[in-house]
Amino acid sequence: MDKLLIEGGVRLTGEIGISGAKNAALPLLCAALLTREAVTYTNVPQLNDIDTLLKLLARMGVKVSRDLAAGTVTLDASVLDNPVAPYDLVKTMRASILVLGPLVARCGEARVSLPGGCAIGARPVDQHIKGLQAMGAAVRVEHGDVHATVPRLKGARLFTDMVTVTGTENLMMAACLADGETVIENAAREPEVVDLANCLIGMGARITGAGTDVIRIRGVERLAGTTHRIMPDRIETGTYLCAAAATGGEIRLTNTSSCYLDAVIDKLMDAGCEIVCERDAIGLKAPARLSAVSVRTAPYPAFPTDMQAQFMAINCVASGAAVIRETIFENRFMHAVELQRLGADIRIDGNTAVVQGVSHLQGATVMATDLRASASLVIAGLVAEGETVIERIYHLDRGYERLEDKLTALGARVRRLA
Ligand code: EPZ
């Protein structure tokens with residue numbers, strides 16, 4: 001089980017490139033199921049989650065060709081002879097649920113294992129199922145699988161009970177081949193939803209309203225192939241900005257954009273950072289010590305839940321006290337107890353954490369529990385005195401491409417221990 005050894009106390013300085021967005025790439029790759037023609041993706045990040053999804057698609061009959069060095073993937077779903085997503089793959093990557101909508105739309109049937117819960121919450125998929133049923137699919141859940149069948153989906157007016165990112169994406173993809181118009185109300189507005197809509201439109205889909213809370217999709221008979229460049233990863237961007245901010249550093253991030261991170265950038269400026277936004281780059285210069293900054297997570301464009309753990313870490317060493325409220329997931333404070341092992345002063349009360357900044361953290365061995373919790377431990381390890389060892393870093397490999405290389409390029413003393 002790989003571990004990461006970090007020697008703290010180094011100011012991060014320099015410039016690195018940001019990779020394509022994991023949370024855009026996953027739904028985008030599933031969109032290829034909607035057409036018999038080849039779809040080519042560029043700026044594809046090299047992540048374990050991407051590997052898992054490509055393995056799943058190949059099992060369904062999709063021809064996968066990949067140029068790792070160039071970051072391109074071409075998918076040919078002309079033959080789909082096995083519209084099934086088995087538990088052994090879905091349990092390792094819950095976003096596999098994103099094949100459900102495209103398979104039902106393209107094949108008229110699908111059997112997708114129910115993704116179990118995960119460290120951050122139960123994460124049910126009832127809204128995905130409710131939407132497909134509203135579009136005419138017969139859906140039953142048995143032996144841990146979602147079975148969905150329908151001759152052809154029909155356009156419908158859908159209203160999700162809460163804002164759900166992959167729920168919106170699944171239903172938007174399904175609606176592209178439905179008979180008639182579908183309206184998704186209370187839709188997720190995340191930039192990754194917009195990136196997916198842009199790709200689908202490039203394939204011939206008729207979608208308006210992506211990026212707002214009402215998305216309209218007029219179904220068509222078939223979609224064509226396309227070539228699509230995956231948007232930059234805004235959460236990877238925010239993570240490195242936090243790492244530089246916590247270490248009093250000065251960095252520049254390229255191949256990225258500031259326009260999807262307004263809430264995060266505002267908070268970093270409130271904490272005392274100087275930030276320069278360019279067309280496809282962001283620069284940050286941190287003060288010697290950050291001021292504590294409170295955050296409350298909520299759907300886009302509000303402060304993203306995927307940046308909550310990283311902000312808990314930077315508040316551990318900031319001056320003052322911060323209140324962190326997590327409103328999206330019911331158990332997304334797993335990193336707090338690990339940060340406390342490093343000397344952080346954090347008090348948890350339900351979905352609220354109060355972080356009192358301390359003058360310094362002390363290196364220790366800690367355990368990663370989920371992807372963004374791992375990122376917060378890396379940030380804490382970068383500022384802690386002495387050595388920090390992070391165990392179970394397979395979580396990190398799911399969502400951060402070449403993490404050690406990028407941190408080393410910024411001057412960090414970090415290495416992977418087998
Ligand atoms: C997406 O997960 C992201 N993953 C998550 O990123 C992100 O944290 C989350 O959106 C919120 O922004 C991908 O895009 C692959 P939701 P998703 O459906 O779609 C409840 C990361 O670290 N809900 O928006 O699964 C759910 O339990 C990951 O990169 C239902 O109750 O999240 C949660 O409380 C972690 N029923 C809330 O809604 C449903 O049918 C929001 O979940 C669907 C969701």
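Numbering of ligands and ligand atoms starts at 1, following listing order. Residue numbers count from 1 along this sequence. Because the structure is a prediction, the values reported are computed rather than measured.
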Check your understanding: How far is atom 39 (C) of ligand 1 from its nearest protein heavy atom, and which residue and atom is that?
Key -> Pro124 O, 3.0 Å
**Study point:** Heavy-atom check, side chain of Ser19 versus side chain of Glu236, under 4.5 Å
**Key:** yes
Revision key, fill the gap. The closest protein heavy-atom partner of atom 2 (O) of ligand 1 is Arg123 NH2, 3.3 Å
Check your understanding: Nearest heavy atom to atom 4 (N) of ligand 1: which of Ile97, Asn23, Asp370, Asn331 does it belong to?
Key -> Asn23
Revision key, fill the gap. Note: Thr182 and Lys154 closest approach over all heavy atoms is OG1-O, 4.5 Å
Exercise for review: Measure the distance from atom 35 (C) of ligand 1 to every protein heavy atom, then report the residue, atom name and distance (to 0.1 Å) of the closest one.
Suggested key: Arg332 NH2, 3.6 Å
Check your understanding: Within a radius of less than 6.0 Å around CZ of Arg413, do more than 12 heavy atoms belonging to other residues, nucleotides or ligands occur?
Key -> yes
Study note, to complete from the structure: Logged contact type for Thr305 with ligand 1, heavy-atom cut-off 4.0 Å, is side chain
Exercise for review: Determine whether the side chains of Gln308 and Glu326 contain a donor N or O and an acceptor N or O closer than 3.5 Å.
Suggested key: yes
Check your understanding: Taking side chain as C-beta onward, heavy atoms only, is Ile390 less than 4.5 Å from Lys3?
Key -> no
Check your understanding: Of the listed options (Lys130, Arg94, Met162), which comes nearest to atom 30 (C) of ligand 1 when hydrogens are ignored and any heavy atom counts?
Key -> Met162
Point to revise | Contact check, Leu98 vs ligand 1, heavy-atom distance below 4.0 Å | key: no
Review point. Looking at atom 36 (N) of ligand 1, what's its closest protein heavy atom, distance included?
Key: Asp126 OD1, 2.8 Å
